[in-house]
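Comments concern the structure below.
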Amino acid sequence: MRFATRAVHAGNEPDKATGAVAPPIFMASTFAQDGIGRPRGYEYSRSGNPTRERLERAVADLEGGKHGLAFSSGLGAITTVASLLKKGDHVLICNDVYGGTFRLFNKVFSSFGITFSRVDARDGDTLSKAIRRRTKMIWLESPTNPLMVVLDIRSIAKIAKENHLLLAVDNTFASPYIQNPLKLGASISLHSTTKYVSGHSDLIGGALAVSDEQLHEKLKFLQNAMGAVPSPFDCYLVLRGIRTLHLRMEQHSRNAQAIAEMLESSGRATEVYYPFLRSSPYHDLARKQMSLGGGMLSFRIRGGYKAASRFLESLRIFVLAESLGGVESLAEHPGRMTHSSLPREERERMGITDDLIRLSVGVEDPEDLLEDVKQALDSALS
Ligand code: P1T
């Protein structure tokens, strides 16, 4: 079946007991057993819950994987994946990642003796040369947060395979409608379901999709052992969001493309980062690997921090807030907001400077969004 049909139906079969066409929310923490060691399918909701299981099946289906796992946050999912590693193991992380992901490896896992290094994963040779004896995993985002770098997942997956490394891809910015890392050879596809997958800015959640049975067993063990599981109610909300994922992503992408093109021709942005812009250095790769450009874009405003803050404070429809992927448009300053947990030199080395603005383009009317961005540019640069 095609994506739209799967988005509507995956994990959404009518309830066996009642025929309810919306998934029941099983709020129970524990389940009656017929005898000692004779559960009816569920024992305790940290280990398994029927509403969560529907979400896990839906995520697996949309990502083209065999198994899905749901978590209480994107970082809960990342923590669980990183817990596959042991003291002394090494991870290669692409240069540009969400600030919270960097902070987790830099401040938490490094104190457990897990080392990591940043790598320019755009270049296969650089990546191959960075692999050490104890390297166990490559960690990518594509497109990256916030600079929208597109990495060649298929080629990197080959390098990972040759070197017996796990390849984890944070697919949050693309969503499963636009990109499926498992189909390109990744071992794990990861989402902050807080974003496009749920799509309404009303919950925090995470998810993984995998196909390898052993890897799934290990991650399922860790999901239960570490306990970063979502509530059944949040699972219901994510499932509800998934039903319209394809419709939302089409509109997000149309709107973001229009804004990116307007910014580029406005003369008021020194750079615009959107993978489906013809001028993007990632255009050809993005067209191969992604079905649409998605709803995220970043740009550098002329006039530095002063203009950036005036722009952000002048917006009327875009809301100044962290996060992304909801139906409403958001705007933020990565240097002072989402990526402020990175040390300043690290941020600047990555290109997260004071003139950088990130937009999460929503599904509102494109003309209204274009007018809003134009009037905020006028205010910022007058
Ligand atoms: O917030 P949480 O659900 O825990 O997800 C963390 C996360 C993981 N991966 C990516 C690519 C992300 O962008 C995030 C969270 N990002 C933001 C809150 C943000 O505004 O960029």
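Note that the structure is a prediction, hence the values are computed from the model and not measured. Atoms within each ligand, like the ligands themselves, are counted from 1 in listed order.
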- Which segment of Leu190 sits under 4.0 Å of ligand 1 when only heavy atoms are counted: neither

- Message: Is the contact between Glu332 and ligand 1 made by the side chain, the backbone, both, or neither, using heavy atoms and a 4.0 Å cut-off?
- Response: neither

- For ligand 1, is there an N or O atom under 3.5 Å from any N or O atom of Thr101? no

- So, for Ser298 and Pro146, which heavy atoms are closest and what is the spacing to 0.1 Å? OG-O, 2.5 Å

- Between Arg336 and Asp354, is there a salt bridge with N-O shorter than 4.0 Å? yes

- Item | Residues Tyr177, His246; criterion side-chain contact (heavy atoms from CB on, under 4.5 Å); working and verdict | CA-CA 6 Å; Tyr177 181 58; His246 49 301; 3.6 Å; yes

- Task: Decide, yes or no, whether a salt bridge links Arg344 with Glu348 under the criterion of side-chain N to carboxylate O below 4.0 Å.
- Result: yes

- Within the structure, does Gly76 bring an N/O atom to less than 3.5 angstrom of an N/O atom in ligand 1? no

- Task: Below 4.0 angstrom from a heavy atom of Ser73, which ligand 1 atoms are there? Numbered from 1 as shown, please.
- Result: 3 (O), 4 (O)

- In terms of side-chain geometry, is the basic nitrogen of Arg134 or Asp89 positioned less than 4.0 Å from the acidic oxygen of its partner? yes

- When you check the gap from the basic side-chain N to the acidic O, do Glu346 and Arg349 get nearer than 4.0 Å? yes

- In terms of atom number and element, which parts of ligand 1 are under 4.0 angstrom from non-hydrogen atoms of Gly205? 3 (O)

- Compute the ring centroids of Tyr305 and His333, then answer whether they are less than 6.0 Å apart. yes

- Atoms in ligand 1 with a heavy atom of Asp170 nearer than 4.0 Å: 8 (C), 9 (N), 10 (C), 11 (C)

- Nearest heavy atom to atom 18 (C) of ligand 1 wins, so pick from Glu322, His339, Lys195. Lys195

- Message: I'd like to know if Gly100 contacts ligand 1, where contact means a heavy-atom distance under 4.0 Å to any ligand atom.
- Response: no

- Message: Evaluate Thr338 for polar contact with ligand 1, using N/O atom pairs at a separation under 3.5 Å.
- Response: no

- Message: Please confirm whether Arg358 approaches ligand 1 to less than 4.0 Å, judged on its heavy atoms.
- Response: yes

- Heteroatom proximity flag, Ile78 to ligand 1, N/O under 3.5 Å: no

- Message: Salt bridge check, Arg57 against Glu53: does any charged N sit closer than 4.0 Å to a carboxylate O?
- Response: no

